[in-house]
Enquirer: 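I have a structure I would like to understand better, so I am pasting it below and will then ask my questions one at a time.
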Amino acid sequence: MIMNCSQYVGPCVCGKDHELETKMVVVEYDALSRFEEYMDAVGLGGKRRTVVYDSNIYALTEGKHVKADQEIVLPAQGLRSEDVLIEAMMERLDNPEVLVAFGAGTIMDFGRYPAYKLGIPFVAIPTLASSDGFTASICSVILQGQKKSIRMKAPALVVTDLDIIKGAPVRLVSSGVNDILAKYISLVDWKIATLVSGEDYCPMVAGLAQEALDIMRAAADKMAATGEIDHEAMTMAQMKSGLTMQLWHDSRAASGAEHLMAHLVEMKPPRFEKAEGIHGECVGVGTFACVKEYHRLAKLRPKAKPFEPLSGDWVMEKFGERLYDGIMKENAHDVLGTFDPQNIVDHWDEIVALIDTIPPVEEMEALYKACGCKYLPEHIGIDPALEGEMLDISAAIRNRLTLIRMKRVLEF
Ligand SMILES: [Zn+2]
Ligand SMILES: [Zn+2]
């Protein structure tokens, strides 16, 4: 399958003029044998190119390597997305006009960060498709010792060779399923926020996230029923989800209350020290907890209560001293204080209708089980006794309007 991305670019009903750095996404078997054709198609064919690999991928993909004016093979051991490592690699660059990154998540940052710094295009050849980061323009890098999410270059071209992708371990496939099924929650969160606070919304971007969700759901149903993994569909779902972030300059469509579980696991506040899982797995646990909670709330009728900033005592108790300042700073301009909580009550019937689009708890649980997905707190080292409050705690990590955050101005 080849996706021409120009269909998403230009003036939109939302009032914005959408742009994409990504021109074309190829998801095909044996795609690398036609790599030069795709480079030509996006106007990068004749350009002087450096191709970056890590040593593991370089060895594993012998026979699949692409033509290069310069090849850089970084030692896989100890490789991480960190400014000092990336800048050390940049000193070795031999005046490329285009950078090609060949590998999994980390190696991509060795393409998009230098490409951004040098103002040249970047091409991605992902060897895994277990998350939606490949077509996104935002990524997490360690800058001066601190993990930061920053804007970088998105790939002008993504070429995914399914003969490589199909070798991925099932655990990563299941994690990828989780990352996209999360859109059941993130899309509802965005739509509710728009209803009650007038937050900017784009039906085209939301529609693209919905498309990613529908494609993944069909593939997950097939995996559940037959055990067969549709790598083409699953990979395309990841690519579409990533494009929503590039189009919207924000992860709004792709990440709601459920994604904050992944941040919680990474931050490890008190009582969550043993939490451990790859991105999609943590997101799966967040999604299932939200599915349960949203359906529970939909059966109730709330009253509005006045907004109050997060209390410092609560933040200290839940996050501890190490994380206190960061959480307080994040919540200094709480989005909850920017609209009348009564709006939520006034729109409650519409909110319930949106929640009704989320599959029932039993259906989600059966699907997760059949696809080998992680979905319960204990699957990622969280004490099940914390299930009741883990969503409320994670909602404080990011100042984004989700139904979980709205519970602070509601009484049920
Ligand atoms: Zn739009
Ligand atoms: Zn994700």
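Note that this is a predicted model, so its numbers are computed, not measured.
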Enquirer: Identify, with sequence neighbours excluded, every residue that meets ring-ring contact (aromatic ring centres under 6.0 Å, His included) alongside Y294.
Expert: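 With sequence neighbours excluded, Y294 shows a ring-ring contact (aromatic ring centres under 6.0 Å, His included) to no residue whatsoever.
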Enquirer: Go through it in stages, so that I can follow the logic: the residues are L85 and M89, the test is side-chain contact (heavy atoms from CB on, under 4.5 Å), and I'd like the CA-CA distance, side-chain angles, deciding distance and then a yes or no.
Expert: CA-CA 6 Å; L85 296 178; M89 184 212 81; over 6 Å; no
Enquirer: Going by the rule ring-ring contact (aromatic ring centres under 6.0 Å, His included), which residues pair with W248 if we only count those two or more places apart in sequence or in a different chain?
Expert: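 So W248 forms a ring-ring contact (aromatic ring centres under 6.0 Å, His included) with W190.
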Enquirer: Do L403 and V188 come within less than 4.5 Å of each other through their side chains, counting heavy atoms only?
Expert: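 No. Closest side-chain heavy atoms not under 4.5 Å.
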Enquirer: I would like to know whether K222 and T226 meet side-chain contact (heavy atoms from CB on, under 4.5 Å); could you show each step before the answer?
Expert: CA-CA 6 Å; K222 185 155 122 188; T226 67; 4.0 Å; yes
Enquirer: Tell me every residue that passes side-chain contact (heavy atoms from CB on, under 4.5 Å) with A304, counting only those two or more places apart in sequence or in another chain.
Expert: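 A304: side-chain contact (heavy atoms from CB on, under 4.5 Å) contacts with P341, Q342, V345.
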Enquirer: Taking T357 for the side chain and L354 for the main chain, is one N or O donor matched with an acceptor at less than 3.5 Å?
Expert: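 Yes: the side chain of T357 pairs with the backbone of L354.
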Enquirer: Hey, mind stepping through D179 and H259 against side-chain hydrogen bond (donor to acceptor under 3.5 Å, both in side chains) and telling me if it holds?
Expert: CA-CA 8 Å; D179 203 15; H259 257 74; 3.0 Å; yes
Enquirer: Can you find a side-chain donor-acceptor pair between D30 and S33 that sits under 3.5 Å?
Expert: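 Judged by distance alone, the side chains do pair up.
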Enquirer: Taking all atoms of both residues into account, what is the closest heavy-atom pair of L247 and E19, and its distance?
Expert: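 Answer, listing the atom of L247 first, then E19: CD2-O, 3.9 Å.
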Enquirer: State, to 0.1 Å, how close P96 and I120 come at their nearest heavy-atom pair, and which atoms those are.
Expert: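 Heavy atoms of P96 and I120 come nearest at O-CD1, 3.7 Å.
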Enquirer: May I ask you to decide if C371's main-chain N or O and S174's side chain share a donor-acceptor pair within less than 3.5 Å?
Expert: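 Answer holds: yes.
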Enquirer: Are R271 and D383 within salt-bridge range, i.e. N to O under 4.0 Å?
Expert: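 Looking at R271 and D383, the cut-off is not met.
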Enquirer: With sequence neighbours excluded, tell me which residues meet ring-ring contact (aromatic ring centres under 6.0 Å, His included) with Y53.
Expert: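 ring-ring contact (aromatic ring centres under 6.0 Å, His included) check on Y53 returns Y58, H65, F102.
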Enquirer: Quick one, V158 and V26 - any side-chain contact, counting heavy atoms below 4.5 Å?
Expert: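 Side-chain contact under 4.5 Å: no.
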Enquirer: For Y29 and H231, what are the C-alpha separation, side-chain angles and deciding distance, and is it a side-chain contact (heavy atoms from CB on, under 4.5 Å)?
Expert: CA-CA 10 Å; Y29 284 92; H231 289 285; 4.3 Å; yes
Enquirer: Considering only heavy atoms from C-beta outward, does the side chain of P203 approach that of Q210 to under 4.5 Å?
Expert: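 The answer is no, as the side chains (C-beta and beyond) never meet within the 4.5 Å cut-off.
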Enquirer: Should R49 and E36 count as an ion pair when the cut-off is N to O under 4.0 Å?
Expert: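 Yes, R49 and E36 are salt-bridged.
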Enquirer: Can the ring centres of F412 and W348 be said to be less than 6.0 Å apart?
Expert: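 Aromatic pair counts; centres sit under 6.0 Å.
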Enquirer: Using side-chain heavy atoms (C-beta onward) and a distance below 4.5 Å, is I382 in contact with L376?
Expert: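 They are not in side-chain contact.
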Enquirer: Without hydrogens or angle criteria, can the side chains of Q246 and T135 be said to hold a donor-acceptor pair below 3.5 Å?
Expert: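 Looking only at side-chain atoms, T135 and Q246 do not form any donor-acceptor pair under 3.5 Å.
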Enquirer: Which salt bridge (charged side-chain N to carboxylate O under 4.0 Å, His left out) pairs, counting each pair once, include a residue from residues 245-260, with sequence neighbours left out?
Expert: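 Those involving residues 245-260 are E199-R252, D250-R400.
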Enquirer: Search all heavy atoms of C290 against all heavy atoms of I404 and return the closest pair with its distance.
Expert: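 Closest pair (atom of C290, atom of I404, distance): SG-CG1, 4.4 Å.
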Enquirer: Taking all atoms of both residues into account, what is the closest heavy-atom pair of A115 and L99, and its distance?
Expert: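 Scanning both residues completely, I find the closest heavy atoms to be N-CD1, 3.7 Å.
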Enquirer: Mind checking the OG-CG spacing from S197 to L401? Nearest 0.5 Å is all I need.
Expert: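 Here the rounded value is 5.0 Å.
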Enquirer: With a 4.0 Å cut-off, would you call R301 and D349 a salt bridge?
Expert: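 Salt bridge flag = yes for D349 with R301.
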Enquirer: To the nearest 0.5 Å, how far apart are CD1 in I380 and NZ in K274?
Expert: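 Nearest 0.5 Å value for the CD1-NZ distance: 14.5 Å.
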Enquirer: How would you list, by chain and number, every residue that makes a side-chain hydrogen bond (donor to acceptor under 3.5 Å, both in side chains) with D356, sequence neighbours excluded?
Expert: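 D356: no side-chain hydrogen bond (donor to acceptor under 3.5 Å, both in side chains) contacts found.
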Enquirer: K268 and E273: salt bridge (charged side-chain N to carboxylate O under 4.0 Å, His left out), yes or no, with the steps?
Expert: CA-CA 5 Å; K268 297 193 179 8; E273 292 92 345; over 6 Å; no
Enquirer: Under the criterion side-chain contact (heavy atoms from CB on, under 4.5 Å), I'd like the reasoning laid out for L243 against C5: C-alpha separation, chi angles, the key distance, then a yes or no.
Expert: CA-CA 9 Å; L243 284 183; C5 301; 4.0 Å; yes
Enquirer: Under 3.5 Å, is there a donor-acceptor pair between the side chain of T61 and the main chain of K64?
Expert: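 A pair under 3.5 Å: no.
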Enquirer: Do Y113 and E87 have a side chain donor and acceptor closer than 3.5 Å?
Expert: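 Present: a donor and an acceptor within the cut-off.
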Enquirer: Looking at every heavy atom in both V352 and A298, which two are closest together, and how far apart are they?
Expert: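 So the minimum-distance heavy-atom pair works out to CG2-O, 3.7 Å.
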Enquirer: Going through the distances and angles, do E363 and K369 end up as a salt bridge (charged side-chain N to carboxylate O under 4.0 Å, His left out)?
Expert: CA-CA 10 Å; E363 183 182 320; K369 269 192 190 151; over 6 Å; no
Enquirer: Using side-chain hydrogen bond (donor to acceptor under 3.5 Å, both in side chains) as the criterion, list what pairs up with E350, not counting sequence neighbours.
Expert: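 Here the qualifying residues are H347.
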Enquirer: State whether the side chain of H379 and the backbone N or O of C282 hold a donor-acceptor pair below 3.5 Å, judged by distance alone.
Expert: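 No; zero donor-acceptor contacts below 3.5 Å.
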Enquirer: Assess, by modelled atom type and distance only, whether the side chains of H333 and N399 contain a donor and an acceptor separated by less than 3.5 Å.
Expert: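 Short answer, no.
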Enquirer: Do the side chain of N4 and the main chain of M24 share a donor and acceptor less than 3.5 angstrom apart?
Expert: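 Such a contact is absent between N4 side chain and M24 backbone.
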Enquirer: For T50, give me all partners under side-chain hydrogen bond (donor to acceptor under 3.5 Å, both in side chains), at least two apart in sequence or on another chain.
Expert: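 Scan of T50 (side-chain hydrogen bond (donor to acceptor under 3.5 Å, both in side chains), adjacent residues dropped) gives Q70.
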Enquirer: Are the side chain of E21 and the backbone of A156 linked by a donor-acceptor contact shorter than 3.5 Å?
Expert: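 Pair absent, no side-chain N/O of E21 close to backbone of A156.
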Enquirer: Does a side chain donor of either R112 or Y116 reach within less than 3.5 Å of an acceptor in the other side chain?
Expert: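 Result is no, nothing qualifies.
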Enquirer: Tell me, which pairs form a salt bridge (charged side-chain N to carboxylate O under 4.0 Å, His left out) where one or both residues lie in residues 312-322, sequence neighbours left out?
Expert: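 As it turns out, the salt bridge (charged side-chain N to carboxylate O under 4.0 Å, His left out) pairs with a partner in residues 312-322, which skip direct neighbours, are K318-E389.
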Enquirer: Between M239, E28, M236, which is the residue that forms a side chain to side chain contact (heavy atoms under 4.5 Å, CB included) with T160?
Expert: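 Looking at M239, E28, M236, the match for T160 under the side chain to side chain contact (heavy atoms under 4.5 Å, CB included) is M239.
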Enquirer: If a pair satisfies salt bridge (charged side-chain N to carboxylate O under 4.0 Å, His left out) and one of its residues is in residues 327-342, list it, with sequence neighbours excluded.
Expert: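 Residue pairs with at least one partner in residues 327-342: D334-R405, D334-R408.
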Enquirer: Indicate yes or no: at least one non-hydrogen side-chain atom of M223 is less than 4.5 angstrom from one of V173.
Expert: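 SC-SC contact between M223 and V173 confirmed.
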Enquirer: Taking only residues at least two apart or on different chains, which pairs with a member in residues 114-137 satisfy salt bridge (charged side-chain N to carboxylate O under 4.0 Å, His left out)?
Expert: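 Applying salt bridge (charged side-chain N to carboxylate O under 4.0 Å, His left out) to every pair that reaches into residues 114-137, excluding sequence neighbours, yields D132-K183.
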Enquirer: With M261, which of L391, T287, V283 fulfils side chain to side chain contact (heavy atoms under 4.5 Å, CB included)?
Expert: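 Of L391, T287, V283, side chain to side chain contact (heavy atoms under 4.5 Å, CB included) with M261 is met by L391 alone.
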Enquirer: Counting only heavy atoms not in Q77 (residues, nucleotides, ligands), do more than 12 fall under 6.0 Å from its CD?
Expert: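 Atom CD in Q77 is not packed in, count stays at 12 or less.
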Enquirer: Tell me whether the rings of F288 and Y375 are parallel (<30°), tilted (30 to 60°) or perpendicular (>60°).
Expert: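 Because their plane-to-plane angle is over 60°, the rings of F288 and Y375 count as perpendicular.
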Enquirer: Can you list the residues that meet the side-chain hydrogen bond (donor to acceptor under 3.5 Å, both in side chains) rule with E411, with sequence neighbours excluded?
Expert: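 Not a single residue meets the side-chain hydrogen bond (donor to acceptor under 3.5 Å, both in side chains) criterion with E411.
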Enquirer: Is there a donor-acceptor pair under 3.5 Å between the side chain of D189 and the backbone N or O of A257?
Expert: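 At least one qualifying donor-acceptor pair exists.
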